[in-house]
Number of protein chains: 2
Amino acid sequence: MAIKVFIVDDHYMVIEGIRSLLQNEKNIEWAGHAMNAGSCLAFLQKQLPDVILMDINMPEKNGIDLCKEVKAKYPAVFIIGLSTFNQQSFIEKMMENGASGYVLKNASKEEILEALQTVVKGKTYLSFDAIKTMKSKSEANLILTRREKEVLELIAEGMINSEIATKLFVSVTTVDTHRKNLLAKLNARNVAELIKLAFYHQLIAVNH
Amino acid sequence: MAIKVFIVDDHYMVIEGIRSLLQNEKNIEWAGHAMNAGSCLAFLQKQLPDVILMDINMPEKNGIDLCKEVKAKYPAVFIIGLSTFNQQSFIEKMMENGASGYVLKNASKEEILEALQTVVKGKTYLSFDAIKTMKSKSEANLILTRREKEVLELIAEGMINSEIATKLFVSVTTVDTHRKNLLAKLNARNVAELIKLAFYHQLIAVNH
DNA sequence: TAATTCCTCCCCTTTTTACATGATTTTTTA
DNA sequence: TAAAAAATCATGTAAAAAGGGGAGGAATTA
């Protein structure tokens with residue numbers, strides 16, 4: 001039985017590239033593609049593929065949120081995150097939101113095929129580079145807690161403590177504590193350096 | 001006479017996508033591909049294509065520098081910048097370094113063909129979105145002065161205004177003024193967002 | 001030359017952060 | 001289950017940044 005593969009990516013070339021790669025594979029069936037979250041959801045109402053290859057960087061709704069939504073509505077569908085960015089935070093979030101795998105866009109045909117075949121069995125597939133990234137980060141003494149990561153991102157968004165407190169439904173002093181811990185953990189003198197180091201350690205990304 | 005097209009991109013899927021798109025075009029000849037700057041330069045020593053589609057975001061050497069180098073060695077080759085990022089600074093730098101065009105990765109087959117046919121005539125091709133970006137004022141006023149760049153970098157280093165003032169031999173109020181102008185120019189609410197946006201606009205780099 | 005931009009400096013007020021210090025409750029892990 | 005880690009909240013002070021003005025001289029450009 002062929003694996004029905006659907007792809008969501010806002011880049012036409014990537015869609016075309018994957019289609020071309022999988023074209024002559026006999027155990028792969030091309031289910032179709034979408035170039036944004038909306039048309040992906042519309043497609044799924046009519047037809048369910050086995051696996052969705054999902055770009056995590058898209059305008060409007062990003063792949064991380066879309067992944068969560070799709071998984072909530074259609075738990076049987078396996079999702080593989082697709083990205084240019086080999087960043088721990090992205091990989092983690094994608095997996096947290098129910099993805100079964102993560103593949104970089106510079107992956108070879110073999111890697112993609114292996115990923116597809118692995119996830120339909122209910123297993124997890126992380127591309128070699130993704131695993132390396134995950135390990136290198138956990139080895140480094142820079143393990144931020146869930147809350148710290150949340151606060152860090154909101155700080156980078158330009159939010160002040162009171163706004164973050166409101167957003168997270170906690171006290172301002174709590175946010176202040178997280179902020180202090182962030183400064184200490186990253187060994188930063190102030191927010192400016194904190195954000196710079198966060199980029200350096202790939203804790204936040206340039207997705208605007 | 002068919003146009004010989006070569007592509008440099010570190011993403012296998014993009015290479016495959018473009019090849020697939022151009023496969024059956026009779027006036028297009030596939031010259032080959034490279035996945036990094038080094039093998040691109042190696043290829044060019046043996047064979048010269050008419051047009052190079054060049055990704056601007058690559059590890060090691062980026063497309064902007066590679067463009068300059070290739071154009072210096074082989075002025076006859078036309079280069080089209082290829083990118084996910086629709087950013088004024090990128091487009092500008094690419095054109096300054098001798099590129100003949102700029103196409104976004106979500107471009108259609110028709111757009112790519114038009115770009116190829118335009119540049120071999122010696123003309124310039126910018127994709128619709130790229131033109132729009134160049135014209136938009138929001139990014140246009142992102143030209144920082146010499147002093148502003150200096151101050152921005154020192155802020156990112158974690159230095160406070162008084163330290164920056166000492167380092168630059170100016171008054172603290174002067175540094176403060178530059179800081180205010182930076183916030184205004186980048187439309188940031190505070191330093192945190194300023195640094196994030198500085199990364200986004202490639203005004204500072206991750207060199208620790 | 002006139003206009004514009006850049007760099008420099010100053011005033012003031014309010015807001016926000018940074019730092020110290022301590023503590024309770026919940027959750028995770030060994 | 002006991003220990004460790006994480007998340008929560010607090011009080012207080014000092015430092016720094018943000019935001020609002022204005023203004024003069026130098027350099028560059030039209």
Side-chain angles (χ1 to χ4, degrees), chain A residues 88-89 92-93 95-96 134 137-198 201 203-204, chain B residues 88 92 137-199 201 203-204:
Chain A
Q88 190 220 22
S89 58
E92 266 179 2
K93 278 184 198 150
M95 303 309 280
E96 275 168 20
M134 293 286 275
K137 294 303 151 186
S138 53
E139 277 168 22
N141 201 14
L142 254 178
I143 310 146
L144 300 187
T145 66
R146 194 197 88 248
R147 222 34 167 180
E148 283 163 357
K149 283 179 201 162
E150 282 176 13
V151 171
L152 175 60
E153 287 201 359
L154 297 176
I155 290 173
E157 292 289 312
M159 291 174 81
I160 60 170
N161 288 346
S162 59
E163 291 170 332
I164 297 171
T166 306
K167 172 131 189 170
L168 298 181
F169 303 106
V170 294
S171 152
V172 183
T173 60
T174 303
V175 179
D176 189 53
T177 305
H178 288 311
R179 194 187 202 106
K180 280 180 227 166
N181 292 335
L182 282 167
L183 289 172
K185 280 193 179 179
L186 293 196
N187 195 27
R189 300 167 61 189
N190 51 40
V191 214
E193 200 179 9
L194 175 70
I195 302 298
K196 192 199 72 170
L197 291 172
H201 292 293
L203 296 167
I204 49 178
Chain B
Q88 191 222 19
E92 263 180 3
K137 279 186 294 179
S138 55
E139 290 214 35
N141 57 8
L142 249 180
I143 306 147
L144 301 188
T145 66
R146 193 198 89 250
R147 218 42 166 173
E148 282 164 357
K149 282 178 199 162
E150 280 175 13
V151 172
L152 175 60
E153 286 198 4
L154 297 177
I155 290 173
E157 293 289 313
M159 291 173 82
I160 61 170
N161 288 347
S162 59
E163 290 171 334
I164 297 172
T166 305
K167 172 130 190 172
L168 299 180
F169 302 105
V170 294
S171 152
V172 182
T173 59
T174 303
V175 179
D176 191 55
T177 304
H178 288 311
R179 192 188 203 102
K180 283 178 205 169
N181 291 336
L182 282 166
L183 289 172
K185 280 192 178 179
L186 293 193
N187 195 29
R189 300 167 62 190
N190 50 40
V191 213
E193 199 178 11
L194 175 71
I195 302 298
K196 192 199 70 169
L197 291 171
F199 270 102
H201 289 111
L203 297 167
I204 48 178

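The analysis underlying the following values was restricted to heavy atoms, covering all of them including side chains, and did not include hydrogens, waters or symmetry mates.
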Checklist entry - Which residues pass the side chain to side chain contact (heavy atoms under 4.5 Å, CB included) test with A/Leu182, sequence neighbours left out? => result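 For A/Leu182, the residues satisfying side chain to side chain contact (heavy atoms under 4.5 Å, CB included) (neighbours in sequence not counted) are A/Leu144, A/Glu148, A/Val151, A/Leu152, A/Ile155, A/Leu194.
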Checklist entry - Among all residues two or more places apart in sequence or in another chain, which pass the side chain to side chain contact (heavy atoms under 4.5 Å, CB included) test with B/Asn187? => result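 For B/Asn187 there are no side chain to side chain contact (heavy atoms under 4.5 Å, CB included) partners, ignoring immediate neighbours.
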Atom [atom1] of [X] to atom [atom2] of [N]: distance rounded to whole Å?
X        : N      : atom1 : atom2 : answer
A/Leu194 : C/dT17 : CG    : P     : 12 Å
B/Leu183 : D/dA17 : CG    : C1'   : 9 Å
B/Arg189 : C/dT16 : CZ    : P     : 9 Å
A/Ile160 : D/dA18 : CD1   : P     : 11 Å
A/Lys185 : D/dA7  : NZ    : C1'   : 12 Å
A/Met159 : C/dT17 : CE    : P     : 11 Å
A/Asn161 : D/dA18 : CG    : C1'   : 15 Å
A/Leu168 : D/dA7  : CG    : P     : 11 Å

Next on the checklist: Using the side chain to side chain donor-acceptor pair (under 3.5 Å) criterion, which residues pair with A/Glu193? Sequence neighbours excluded.
Outcome noted: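 None.
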Next on the checklist: I'd like to check the side chain to side chain donor-acceptor pair (under 3.5 Å) partners of B/Asn161; sequence neighbours left out, ordered by chain and number.
Outcome noted: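 Checked B/Asn161 against side chain to side chain donor-acceptor pair (under 3.5 Å); matches are B/Arg179.
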Tabulate protein N/O versus nucleotide N/O from nucleotides 24-30 of chain D, keeping only pairs under 3.5 Å, one per line.
none

Next on the checklist: Restricting to salt bridge (Lys or Arg N to Asp or Glu O under 4.0 Å), what partner residues turn up for B/Glu163, sequence neighbours left out?
Outcome noted: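 Partners of B/Glu163 by the salt bridge (Lys or Arg N to Asp or Glu O under 4.0 Å) criterion, ordered by chain and then number, come out as A/Arg189.
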Next on the checklist: Could you work out, with salt bridge (Lys or Arg N to Asp or Glu O under 4.0 Å) as the rule, every residue matching B/Lys149, not counting sequence neighbours?
Outcome noted: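 Salt bridge (Lys or Arg N to Asp or Glu O under 4.0 Å) list for B/Lys149, sorted by chain: empty.
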Next on the checklist: At a heavy-atom distance below 4.0 Å, what parts of residues 169-182 of chain B sit against DNA chain D?
Outcome noted: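 Those residues whose heavy atoms fall under 4.0 Å from DNA chain D, taken from residues 169-182 of chain B in numerical order, are B/Arg179, B/Lys180.
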Checklist entry - Minimum heavy-atom separation for B/Ala188 to B/Leu197, with atom names? => result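 Looking at all heavy atoms of both residues, the closest pair is CB-CD1, 4.0 Å.
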Hey, is the side chain of [X] poking within less than 4.0 Å of OP1 or OP2 on [N], counting only N and O atoms?
X        : N      : answer
A/Arg147 : D/dT8  : yes
B/Ser162 : D/dA16 : no
A/Arg146 : D/dA6  : no
A/Asn190 : D/dA16 : no

Just the atom pairs and distances: protein N or O near nucleotides 28-30 of chain C's N or O, under 3.5 Å.
none

Item to check | Interatomic distance, B/Leu154 atom CG to B/Ile160 atom CD1 [nearest 0.5 angstrom] | outcome: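 Here the interatomic distance stands at 12.5 Å.
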Checklist entry - Which value, rounded to the nearest 0.5 Å, describes the distance between B/Lys185 atom NZ and B/His178 atom NE2? => result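 With rounding to 0.5 Å, NZ (B/Lys185) is 10.0 Å from NE2 (B/His178).
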Item to check | Inter-axis angle, terminal five-pair segments of the helix from C/dT1-D/dA30 to C/dA30-D/dT1 [nearest 10°] | outcome: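 End-to-end axis angle: 70°.
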Next on the checklist: Could you go through B/Leu186 and B/Leu203, starting from their C-alpha distance and side-chain angles, then the distance that decides it, and tell me whether this counts as side-chain contact (heavy atoms from CB on, under 4.5 Å)?
Outcome noted: CA-CA 11 Å; B/Leu186 293 193; B/Leu203 297 167; 3.9 Å; yes
Side-chain donor-acceptor pairs under 3.5 Å in residues 164-171 of chain A, sequence neighbours left out?
from: A/Thr166; atom 1: OG1; to: A/Ser162; atom 2: O; distance (Å): 2.9
from: A/Ser171; atom 1: OG; to: A/Thr173; atom 2: N; distance (Å): 3.0
from: A/Ser171; atom 1: OG; to: A/Thr173; atom 2: OG1; distance (Å): 2.8

Item to check | pair A/Glu153-A/Glu157: side-chain heavy atoms closer than 4.5 Å | outcome: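 Side chain of A/Glu153 against side chain of A/Glu157, heavy atoms only: no contact under 4.5 Å found.
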